[in-house]
2 protein chains.
Amino acid sequence: MAKSNAPITEHLAYLLAQANREINRQLELRLSKEGVPVEQWRILKVLSDGDGHSMGELADAVLLNHPTLTKMIDRMVSDTLVYRVQDPNDRRKVLMFISDRGKVLCRKLNSLAVDQEEHILESYGDKSTSELKRLLESLIDSSN
Amino acid sequence: MAKSNAPITEHLAYLLAQANREINRQLELRLSKEGVPVEQWRILKVLSDGDGHSMGELADAVLLNHPTLTKMIDRMVSDTLVYRVQDPNDRRKVLMFISDRGKVLCRKLNSLAVDQEEHILESYGDKSTSELKRLLESLIDSSN
DNA sequence: CTTCAATTGTTGAATATTCAATATTTTCAA
DNA sequence: TTGAAAATATTGAATATTCAACAATTGAAG
């Protein structure tokens, strides 16, 4: 039986929040070199397969809710990193595509992100990293 | 060497964000029974040792930055869950304490949180959970 | 001692996020 | 085929968060 007076630092929810905050902070720092928030990098990365992705699909993939995504996409359209196309098969939908400029930026961001992953691998270890990834994937799976 | 064209779902930063989001969502759902956001539960839990904690200390512990914490504490003071006392030894500091009402609420919240941890233990497994916690702690350590 | 820098917490303006309502299109049952 | 319900995306108002500036106190060097 779990103890209800356990310190906050022993709760899984807290450890996840703390680790997420720290890793995200580090990534943010790298990406800020290009002046791009983490969410925009995620969006570019998802779109970089060249296929059109609907807003709903994208919102799920990048962990943003719909109105927030709409407003972020508005900014990215202004910056000509992405563009909207109405889905010809279902006119309720909007398909998002990455622009050439977006692709160029995405490549730079990818390399900054890889820098970070390599930094983690060094300080945290190859074994721990892959084991942690495996456990996280399985936690996410078991939560659906 | 890490691949820069790896899908977003393979990045540690993304897996952490996804897992954190999901677990947090579940916890939020439980705590909403008492109408309390996760951050307020964390605050109450940290303060429930009865000692006075400065705002800075508290901000670190509950993963909020200072202005956000100040405003949240303002609300909690209005709800008489916590109260401020000027630190007699260093008058720049404010020491936060939990009220009796706060303690009562905290107990209820703890039991809701324990429900969730037990639910995770069931669906995810005892072994995986403790192994994941261990790896997260070690990741956090190695990031300082 | 005095002064200047550092620490601590709060405030207000700017920014971002969320909630509820809306508009449009599609689906599907009667 | 029509009308009601569901799905999709956006908008605007309400709310929350963040950034930069500030005020108060302490520390520490000269």
Side-chain angles (χ1 to χ4, degrees), chain A residues 17-18 20-22 24-29 31-32 35-43 46-47 51-79 81-97, chain B residues 17-18 20-22 24-29 31-32 35-43 46-47 51-79 81-97:
Chain A
Q18 200 181 0
N20 178 50
R21 187 182 159 89
E22 179 58 25
N24 206 57
R25 196 189 59 75
Q26 286 175 20
L27 182 56
E28 220 164 40
L29 200 66
L31 300 189
S32 71
V36 176
V38 175
E39 291 77 15
Q40 289 198 15
W41 171 59
R42 289 202 196 121
I43 291 170
V46 170
L47 295 186
D51 300 347
H53 293 263
S54 75
M55 291 296 280
E57 209 183 320
L58 203 48
D60 282 352
V62 304
L63 314 175
L64 290 176
N65 50 17
H66 293 214
T68 306
L69 178 64
T70 293
K71 285 154 192 171
M72 183 158 282
I73 288 288
D74 286 347
R75 265 166 273 162
M76 295 175 77
V77 168
S78 298
D79 296 342
L81 297 172
V82 300
Y83 56 94
R84 292 177 162 99
V85 175
Q86 176 152 271
D87 186 338
N89 297 119
D90 183 342
R91 302 208 322 265
R92 288 170 302 184
K93 292 187 185 174
V94 169
L95 297 181
M96 296 304 313
F97 291 90
Chain B
Q18 200 181 358
N20 178 51
R21 187 181 159 89
E22 178 58 26
N24 207 57
R25 196 189 57 75
Q26 287 174 19
L27 182 56
E28 222 163 38
L29 200 66
L31 299 189
S32 71
V36 176
V38 175
E39 290 78 15
Q40 289 198 14
W41 172 58
R42 288 200 196 124
I43 291 170
V46 169
L47 295 186
D51 300 346
H53 294 262
S54 74
M55 291 296 279
E57 209 183 321
L58 203 48
D60 283 352
V62 304
L63 315 176
L64 290 176
N65 48 20
H66 293 214
T68 306
L69 178 64
T70 292
K71 285 154 192 173
M72 183 157 283
I73 289 288
D74 286 347
R75 265 166 273 160
M76 294 176 77
V77 169
S78 298
D79 296 342
L81 297 172
V82 300
Y83 57 93
R84 291 177 163 100
V85 173
Q86 176 150 274
D87 186 336
N89 296 118
D90 183 341
R91 304 212 319 270
R92 288 170 303 183
K93 291 188 185 173
V94 168
L95 297 181
M96 297 304 313
F97 291 91

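Every chain is numbered from 1, with letters handed out A, B, ... down the list of sequences.
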Q: Out of the candidates Ile43(A), Leu47(A), Val36(A), only one should pair with Met76(A) under the side chain to side chain contact (heavy atoms under 4.5 Å, CB included) rule; please name it.
A: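 Going through the options one by one, the only one that passes is Ile43(A).
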
Q: To the nearest 0.5 Å, tell me how far Arg84(A) CZ sits from Leu95(A) CG.
A: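 It is 12.0 Å, given to the nearest 0.5 Å.
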
Q: Could you go through Arg42(B) and Leu63(B), starting from their C-alpha distance and side-chain angles, then the distance that decides it, and tell me whether this counts as side-chain contact (heavy atoms from CB on, under 4.5 Å)?
A: CA-CA 9 Å; Arg42(B) 288 200 196 124; Leu63(B) 315 176; 4.3 Å; yes

Q: Quickly work out the Arg84(A) CZ to dA9(D) C1' distance and round it to whole Å.
A: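 Atom CZ in Arg84(A) sits about 9 Å away from atom C1' in dA9(D).
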
Q: Once you round it to whole Å, what is the distance between P of dA9(D) and CG of Asp74(A)?
A: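 After rounding, the gap between these two atoms is 14 Å.
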
Q: Output the rounded distance in Å from CE (Met96(A)) to P (dT8(D)).
A: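 It works out to 17 Å between those atoms.
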
Q: Rounded to whole angstrom units, what separation is found between the NE2 atom of His66(B) and the P atom of dT11(C)?
A: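 The answer, rounded to whole Å, is 15 Å.
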
Q: Rounded to whole angstroms, how far apart are CG on Leu95(A) and C1' on dT8(D)?
A: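 Taking CG of Leu95(A) and C1' of dT8(D), I get 12 Å after rounding.
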
Q: Would you name the heavy atoms of Val82(B) and Met96(B) that are closest together and state the gap between them?
A: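 So the two residues come closest at CG2-CE, 3.8 Å.
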
Q: Check whether any side-chain heavy atom of His66(A) lies under 4.5 Å from a side-chain heavy atom of Met55(A), and answer yes or no.
A: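 When only atoms from C-beta onward are counted, Met55(A) and His66(A) do not touch, as no gap falls below 4.5 Å.
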
Q: How long is the line joining CG of Asp87(B) and C1' of dT7(C), in whole Å?
A: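 Asp87(B) atom CG is separated from dT7(C) atom C1' by 13 Å.
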
Q: In this structure, how many angstroms lie between the P atom of dT26(C) and the CZ atom of Arg92(A), rounded?
A: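 Rounded to the whole Å, the gap is 7 Å.
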
Q: State, yes or no, whether a side-chain contact exists between Asp87(A) and Val94(A) at a heavy-atom distance under 4.5 Å.
A: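 Sidechains of Val94(A) and Asp87(A): no contact.
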
Q: Pull out every protein N or O sitting under 3.5 Å from an N or O of nucleotides 14-18 of chain C, one pair per line with the distance.
A:
from    : atom 1 : to       : atom 2 : distance (Å)
dT18(C) : OP2    : Asn65(A) : OD1    : 3.0
dT18(C) : OP2    : Asn65(A) : ND2    : 3.2
dT18(C) : OP2    : Thr68(A) : OG1    : 3.1
dT18(C) : O4     : Lys71(A) : NZ     : 2.5

Q: Which heavy atom of Val77(A) sits nearest to which heavy atom of Tyr83(A), and what is that distance?
A: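 Smallest heavy-atom distance, with atoms named: CG2-CA, 4.5 Å.
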
Q: Rounded at 0.5 Å granularity, tell me how far CD in Gln40(A) sits from CD1 in Ile73(A).
A: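 One gets 8.0 Å once the value is rounded to the nearest 0.5 Å.
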
Q: With no hydrogens and no angle check, do the side chains of Gln18(A) and Glu22(A) hold a donor and an acceptor under 3.5 Å apart?
A: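 No pair is found: no donor N or O on one side chain lies under 3.5 Å from an acceptor on the other.
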
Q: Rounded to whole angstrom units, what separation is found between the NZ atom of Lys93(B) and the P atom of dT10(C)?
A: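 These atoms are roughly 13 Å apart.
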
Q: Which of residues 51-63 of chain B have a heavy atom under 4.0 Å from DNA chain D?
A: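 When residues 51-63 of chain B is checked for heavy atoms under 4.0 Å from DNA chain D, there are no hits whatsoever.
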
